[in-house]
Amino acid sequence: MADNKRVVIVGIPGVGKTTVISRLVQTLQQKGSEVKHVVFGTVMLNKAVKKYGIRRRDELRTLPVHAQRKLQVQAANAIAKMKASVLIVDTHLFIKTKEGYWPGLPFDVLNALTPTNLVLLEASASEILERRMRDKSRYRDALEEPKILRELELARTMFAASAVVTGTPVLTVRNEQGRVKKAAREISTSLGFT
Ligand code: AMP
Ligand code: MG
């Protein structure tokens, strides 16, 4: 049934994750579902503000990786306690750090989150590039198509690994330009909402 879902939604920056998730939350609420939407990075930031004096989610990835790792596990444990009919977790498969791409969903984090569904959002490299160029609030994201293609590839690899680790069904959804509603509908249908 469509109840007691813990849906982890991932996708590289610029794929339109926030937009699709907002639409999805709306769709599910219209169908009478009790939905809770949590942004993993915000939970991490709340824990980081006092300790590291940072103020923006985009500053998290500039912290030493061991510090990010601690915050990551703390956030996962906090989210693990959250309850809702449908809990939607907005997060990342990997984070671009100074030391390289670092996993957002390592084994212990996945174990804590106990997802019932994993969703990977994708878009074309040119669409992602355009969105990254338009979004002046973000920084340090790759701005060349070949690099974006490599990130899309890495996302698929890590997504497959997450499926194996959790034993959870995985769904890849394309967020085409101007078709956010369609992407949201694909996800809600996969969750059993018709
Ligand atoms: P967002 O605004 O959703 O793109 O996320 C902002 C930042 O939150 C990311 O760039 C990461 O630094 C951090 N973040 C989000 N999810 C995770 C995760 N699962 N593990 C580690 N860091 C994360
Ligand atoms: Mg976002």
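First listed ligand is number 1; within each ligand, the first listed atom is number 1. Quick note: residue numbers are just sequence positions, from 1.
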Chemist: When you check the side-chain N and O atoms of Gln74 and Arg69, is any donor under 3.5 Å from an acceptor?
Modeler: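 There is no such pair between these side chains.
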Chemist: For atom 3 (O) of ligand 1, grab the closest protein heavy atom and report residue, atom and distance to one decimal in Å.
Modeler: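 So the nearest neighbour among protein heavy atoms is His92 NE2, 3.3 Å.
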Chemist: With heavy atoms of Met44 as the reference, note each atom of ligand 1 found under 4.0 Å away.
Modeler: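 Result: 14 (N), 21 (C), 22 (N), 23 (C).
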Chemist: Decide whether Tyr101 and Glu151 meet the rule of one side-chain donor and one side-chain acceptor closer than 3.5 Å.
Modeler: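 The criterion, which ignores hydrogens and geometry beyond distance, is satisfied for Glu151 and Tyr101.
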Chemist: Where is the nearest protein heavy atom to atom 11 (C) of ligand 1: which residue, which atom, and how far?
Modeler: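 Here the nearest protein heavy atom works out to Ile95 CG1, 3.7 Å.
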Chemist: State the atoms of ligand 1, each with its element, that fall below the 4.0 Å cut-off from a heavy-atom position in Arg57.
Modeler: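 Near Arg57, meaning under 4.0 Å from one of its heavy atoms, ligand 1 has 1 (P), 2 (O), 5 (O), 6 (C), 7 (C).
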Chemist: Under a 4.0 Å N-O cut-off, is there an ion pair linking Asp141 with Lys96?
Modeler: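 Result for this pair is no, no salt bridge flagged.
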Chemist: By residue and atom, what protein N/O/S atoms are less than 2.8 Å from the Mg ion (ligand 2)?
Modeler: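 Metal shell, protein only: Thr18 OG1.
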Chemist: Tell me whether Glu130 is salt-bridged to Arg134, with the criterion being a basic N under 4.0 Å from an acidic carboxylate O.
Modeler: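 Looking at Glu130 and Arg134, the cut-off is met.
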Chemist: Counting non-hydrogen protein atoms only, what is the nearest one to atom 10 (O) of ligand 1? Give residue, atom name and distance.
Modeler: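 Checking every protein heavy atom, the shortest distance to atom 10 (O) of ligand 1 gives Arg61 NE, 3.8 Å.
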Chemist: Have a look at Ile12, Thr91, Leu113 and point out the one with the heavy atom closest to atom 16 (N) of ligand 1.
Modeler: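 Minimum heavy-atom distance to atom 16 (N) of ligand 1 goes to Thr91.
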Chemist: Mark up the atoms of ligand 1 that fall under 4.0 Å of a heavy atom belonging to Leu60, in ascending order.
Modeler: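 It comes down to these atoms of ligand 1: 8 (O), 12 (O), 13 (C).
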Chemist: The criterion is side-chain contact (heavy atoms from CB on, under 4.5 Å); which residues satisfy it with Thr189, sequence neighbours excluded?
Modeler: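 Thr189 satisfies side-chain contact (heavy atoms from CB on, under 4.5 Å) with Arg185 only.
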Chemist: Under 4.0 Å, heavy atoms only, figure out whether ligand 1 is touched by the backbone of Gln68, its side chain, both or neither.
Modeler: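 None of Gln68 does.
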Chemist: Please work out, at 4.0 Å between heavy atoms, whether the side chain, the backbone, both, or neither of Gln72 comes within that distance of ligand 1.
Modeler: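 Near ligand 1, Gln72 shows its side chain, while the N, CA, C and O stay back.
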Chemist: What is the distance from atom CD1 of Ile187 to atom CD1 of Ile21, rounded to the nearest 0.5 Å?
Modeler: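 Taking CD1 in Ile187 and CD1 in Ile21, the distance rounds to 7.5 Å.
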Chemist: Considering only heavy atoms, which of Pro13, Gly41, Gly11 lies nearest to atom 8 (O) of ligand 1?
Modeler: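 Nearest option to atom 8 (O) of ligand 1, by heavy atoms: Gly41.
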Chemist: Looking only at atom types and distance, does a side-chain atom of Ser33 sit under 3.5 Å from a main-chain N or O of Val35, one as donor and one as acceptor?
Modeler: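 Here the side-chain-to-backbone pair does not exist.
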Chemist: Is Ile12 close to Ile128 at the side-chain level, that is, under 4.5 Å between some pair of heavy atoms?
Modeler: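 Ile128 reaches Ile12 side chain to side chain.
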Chemist: Does the distance from a Lys or Arg side-chain N to an Asp or Glu carboxylate O, for Glu144 and Lys147, drop under 4.0 Å?
Modeler: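 Answer for the salt bridge query: yes.
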Chemist: Going by the atom numbers of ligand 1, which of them fall below 4.0 Å from some non-hydrogen atom of Phe40?
Modeler: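 By the 4.0 Å cutoff, the relevant atoms are 16 (N), 17 (C), 18 (C), 19 (N), 20 (N).
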Chemist: Only one of Val86, Thr194, Leu24 passes side chain to side chain contact (heavy atoms under 4.5 Å, CB included) with Ser188; say which it is.
Modeler: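 Exactly one option meets the side chain to side chain contact (heavy atoms under 4.5 Å, CB included) with Ser188, and it is Leu24.
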Chemist: Can you measure from CZ (Arg6) to OG1 (Thr114) and round to the nearest 0.5 angstrom?
Modeler: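 Nearest 0.5 Å value for the CZ-OG1 distance: 4.0 Å.
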Chemist: Should Val39 be counted as touching ligand 1, given the test is an N or O pair under 3.5 Å?
Modeler: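 No, Val39 has no N/O under 3.5 Å of an N/O on ligand 1.
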Chemist: Just verifying a value: how many Å separate Thr91 OG1 and Leu118 CG, rounded to the nearest 0.5 Å?
Modeler: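 Result: 11.0 Å between the selected atoms.
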Chemist: Could you list which atoms of ligand 1 come closer than 4.0 Å to a heavy atom of Trp102?
Modeler: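 Contacts of ligand 1 toward Trp102, numbered from 1: 21 (C), 22 (N).
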